Amino acid sequence: MTDKPQTTRQNILAIAEGATYQIIFVDTPGFLRPRYKLQQTMAACVDRAVGEDADLILLLVDASAPDLPAHADLFKKISAAFCPVYLVLTKTDLVKDKTALPALEAQLKEALPRIEKVFKVCAPRASGVEELKAATAAAMPVSPAYFPPGQWTDRWERFYAAEFIREQIFKLYHKEIPYSTQVEIEKFTENLGDKNYIRAIIHVERDSQKPILIGKGGSAIATLRERAQKRIAEFLGRPYRLELQVVVTPDWRNNTEMLEKFGYIERDESPRGL
């Protein structure tokens with residue numbers, strides 16, 4: 001979790017369950033106009049979630065800073081979907097002029113007539129959350145559960161280890177540096193008590209970015225390692241020793257082979273001739 005936009009790069013499933021329901025939330029990358037191949041894969045994630053996978057679309061709009069013209073293309077994609085659309089206005093506590101909320105709601109309904117319900121949410125206060133949760137559960141089709149009870153995501157622990165390292169990069173560094181980095185887990189050993197160990201490679205695109213990540217005398221990467229190691233231990237519920245290495249991988253965001261390696265593009269396993 002960071003305060004910077006466009007940090008999610010892949011669709012991530014979060015599974016909520018109750019006595020009578022299982023809801024699979026698909027957290028997609030933010031909608032954008034792609035400038036390089038990585039962003040093309042991010043845009044494809046949104047297309048896939050909206051066009052193929054969804055039984056319900058929750059359109060989250062920051063009520064404190066809406067930018068409706070920038071979302072015109074997204075509204076077109078959602079308009080072509082076959083499932084209901086609920087509008088969720090977030091950060092409503094930051095809107096001081098309460099007359100602005102009805103006006104924003106009216107604008108969004110005009111831009112996207114398929115909106116069926118509107119929810120106003122303030123997450124820190126949990127305001128409106130239960131109402132949204134109940135309405136989401138009620139909108140789900142009758143179906144057997146897709147996942148076993150107790151499972152809460154489709155991702156492996158090493159994926160989240162990489163994400164927590166990347167999270168701290170976004171919090172500690174500025175401008176283009178966080179967006180130019182990719183974290184690759186090279187080694188992940190567990191269930192060894194004090195010997196639990198993770199070795200991760202941080203890929204950057206340019207030679208000039210490597211010393212910025214490392215810092216003078218290694219001070220910056222030491223802070224990164226310490227903070228990421230703590231977050232990983234808190235999340236996984238056991239201590240880990242974390243080792244970080246910075247590697248320059250030129251223009252990896254436009255390199256199809258590297259994007260396949262990092263899991264953004266499915267590898268083509270079909271035969272390539274005799």
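From a predicted model like this one, the values you see are computed outputs, not experimental measurements.
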Aromatic ring pairing Phe119/Tyr86, orientation class (parallel under 30°, perpendicular over 60°, tilted between) = tilted

Any donor and acceptor pair, going by atom type alone, linking the side chain of [X] with main-chain N or O of [Y] inside 3.5 Å?
X	Y	value
Thr92	Val121	yes
Arg114	Ile78	yes
Gln229	Leu242	yes
Thr189	Tyr197	yes
Arg253	Tyr179	yes
Gln22	Phe147	yes
Arg158	Trp156	no
Trp252	Glu257	no
Glu17	Pro149	no

If you round to the nearest 0.5 Å, how far is CZ of Arg9 from CG of Leu259?
-> 10.0 Å

Hey, could you give me the CD/CG distance between Gln40 and Asp47, rounded to the nearest 0.5 Å?
-> 11.5 Å

Looking at every heavy atom in both [X] and [Y], which two are closest together, and how far apart are they?
X	Y	answer
Tyr173	Ile212	CE2-O, 3.4 Å
Pro29	Thr8	CB-O, 3.2 Å
Asp55	Pro84	O-CD, 3.3 Å
Phe75	Leu68	CE1-O, 4.1 Å
Gly215	Ala220	CA-CB, 3.7 Å
Thr181	Pro178	OG1-O, 2.8 Å

Around atom [atom1] of [X], are there more than 12 heavy atoms of other residues, nucleotides or ligands at under 6.0 Å?
X	atom1	answer
Tyr146	OH	no
Asp67	CG	yes
Lys133	NZ	no

Looking at residues at least two apart in the chain, or sitting in another chain, which of them share a side chain to side chain donor-acceptor pair (under 3.5 Å) with Arg48?
-> none

Flag side-chain contact, heavy atom, 4.5 Å: [X] against [Y]:
X	Y	value
Leu87	Leu112	no
Phe159	Asp154	no
Leu101	Glu105	no
Val204	Arg206	no
Leu59	Leu74	yes
Thr136	Tyr21	no

Taken in chain and number order and not counting sequence neighbours, the residues that satisfy ring-ring contact (aromatic ring centres under 6.0 Å, His included) with Phe164 are Phe235

With no hydrogens and no angle check, do the side chains of Gln182 and Tyr264 hold a donor and an acceptor under 3.5 Å apart?
-> yes

Short side-chain donor-acceptor distance under 3.5 Å, Tyr36 and Gln39 | yes

Side-chain ion pair, [X] and [Y], N-O less than 4.0 Å:
X	Y	value
Lys187	Glu243	no
Glu176	Arg35	no
Lys261	Glu184	yes

Show your working on side-chain contact (heavy atoms from CB on, under 4.5 Å) between Lys171 and Arg227 and close with a plain yes or no.
-> CA-CA 10 Å; Lys171 290 185 175 182; Arg227 290 175 57 164; 4.1 Å; yes

Per side chain to side chain contact (heavy atoms under 4.5 Å, CB included), Ile202 is matched among Val247, Ile214, Leu213 by Leu213

Going only through I, L, V, M, F, W and Y residues with side-chain contacts under 4.5 Å, is there a path from Leu104 to Leu94?
-> no

